[in-house]
A.B. asks: 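For reference, the structure I am asking about is given below.
On a predicted model such as this, the values are computed, not experimentally measured, just so you know. Chain A is the first sequence line, chain B the second, and so forth, proteins listed ahead of strands; every chain is numbered from 1.
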Number of protein chains: 2
Amino acid sequence: MSAAGHSHDHAHDHAHGHSCKAEPAAILARAEELCRERAVQFTALRREVLDAVVASEKPPGAYDIAERLSRPGRRVAPVSVYRALDFLMELGLVHRIASRNAFVPCAHAHGASENVVFLICRTCGGIDETTSPEVESGLGKTLKRAGFTPAHSILEVEGDCGACRDKARRA
Amino acid sequence: MSAAGHSHDHAHDHAHGHSCKAEPAAILARAEELCRERAVQFTALRREVLDAVVASEKPPGAYDIAERLSRPGRRVAPVSVYRALDFLMELGLVHRIASRNAFVPCAHAHGASENVVFLICRTCGGIDETTSPEVESGLGKTLKRAGFTPAHSILEVEGDCGACRDKARRA
DNA sequence: GCCGGAAGTGATACACTGTAACAAAGCCGC
DNA sequence: GCGGCTTTGTTACAGTGTATCACTTCCGGC
């Protein structure tokens with residue numbers, strides 16, 4: 001599914017109907033812009049961690065990223081990765097998948113709503129991100145009914161993505 | 001909030017409007033019934049773990065439970081607790097809160113829908129459980145639109161529960 | 001009652017995930 | 001250049017969850 005990176009990057013080569021992942025270049029550009037706006041540093045390490053999250057086939061864990069960035073002569077410790085990830089999450093460029101201890105690049109440029117649904121394919125392991133006004137409004141009603149004031153929420157659905165279902169049917 | 005156990009147990013002493021937690025005795029009874037139905041063993045350890053989850057002020061982690069059940073002369077290893085928790089989750093008697101690595105007793109007798117919303121109070125640490133037909137139907141639409149077949153989903157909202165908000169306002 | 005397989009538990013070790021604390025290096029304004 | 005801040009490196013450690021194997025308990029059939 002969309003977690004698989006496009007090795008070539010013309011702007012829109014996907015014809016599938018579901019939500020799609022932003023191009024790596026676009027994410028990079030957004031990161032630089034955000035950092036300029038907020039006057040924070042977009043350092044080499046932070047860029048590399050973001051790159052790693054974007055480029056991974058499947059959403060990586062922090063230790064996967066650390067390993068990926070390490071090479072003979074340069075070791076990147078997990079703690080450094082965690083710090084970079086915290087930074088990137090603060091900016092909304094990366095999301096954490098609580099049910100998997102994994103990280104995904106933010107597929108939308110949603111400066112606003114911050115209310116997303118993660119679709120986790122149990123076959124291919126890919127994670128897609130989408131929004132849902134219906135869920136958002138329904139949840140609002142429910143929370144009001146319960147007398148609960150939300151700060152933020154996570155919604156993660158595990159199942160089978162369209163691509164894997166098709167693949168299974170053909171087999 | 002409802003995570004605080006009632007030390008005395010008349011059936012319905014709560015006058016609050018939000019969803020409420022089942023009485024310990026009721027959960028116990030449900031557990032025994034379920035085990036009889038499915039012809040599986042409701043052993044002493046499993047009962048104790050369930051008790052611990054039900055009786056805890058705040059949703060405990062597996063290690064908390066292990067510690068609670070251990071005493072001089074009898075040590076319960078975390079691995080045993082995990083096995084019991086897996087068993088109880090299989091039966092739907094306990095839920096895992098992914099964003100907290102904690103466990104809560106299932107507040108409903110929802111043999112069916114299996115679609116619940118967890119309300120996590122960041123002040124008191126209590127976790128309430130409720131259902132939301134609105135969210136359920138909205139999510140169904142969204143998933144269909146995305147071509148995604150769900151197996152199960154988690155929805156966890158962090159914020160402030162009514163009780164804590166009132167307390168803060170009075171202060 | 002006994003026996004044999006299945007299920008459950010104990011115990012140890014280990015892998016994975018995340019954080020604390022402090023030192024060293026880099027950036028920036030003055 | 002100096003002094004303060006942010007970032008990174010390094011080490012150690014806490015917390016969470018699993019693999020493995022041995023031992024016990026349970027349960028159905030004889």
A.B. asks: When you measure from the side chain of B/T142 to the backbone N and O of B/G138, does any donor-acceptor pair fall under 3.5 Å?
C.D. replies: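 Side chain of B/T142 to backbone of B/G138: a pair is present.
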A.B. asks: Please identify the 5'-most and 3'-most nucleotides of DNA chain C with any atom under 4.0 angstrom from a heavy atom of chain A.
C.D. replies: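 From 5' to 3', the first and last contacting nucleotides are C/dT17 to C/dA21.
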A.B. asks: Is the closest basic N to carboxylate O distance between B/E32 and B/R47 below 4.0 Å?
C.D. replies: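 Yes, this pair counts.
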A.B. asks: To the closest 0.5 Å, what do you measure between CD (B/E129) and CD1 (B/I120)?
C.D. replies: 11.5 Å
A.B. asks: Which letters describe nucleotides 11-30 of chain D, given B = protein heavy atom under 4.0 Å from base, S = only from sugar-phosphate, - = neither?
C.D. replies: B----BBBBB-----S----
A.B. asks: Quick check on B/E67: does its CD atom have over 12 non-hydrogen neighbours (other residues, nucleotides or ligands) under 6.0 Å away?
C.D. replies: no
A.B. asks: What's the spacing between B/F103 CZ and B/S56 OG if we round to 0.5 Å?
C.D. replies: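 Reported value, rounded in 0.5 Å steps: 12.0 Å.
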A.B. asks: Rounded to the nearest 0.5 Å, what separation is found between the CG atom of B/L93 and the CG atom of B/L85?
C.D. replies: 11.0 Å
A.B. asks: Does a donor on one side chain and an acceptor on the other come within less than 3.5 Å for A/T149 and B/D160?
C.D. replies: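 No, no side-chain donor-acceptor pair sits under 3.5 Å.
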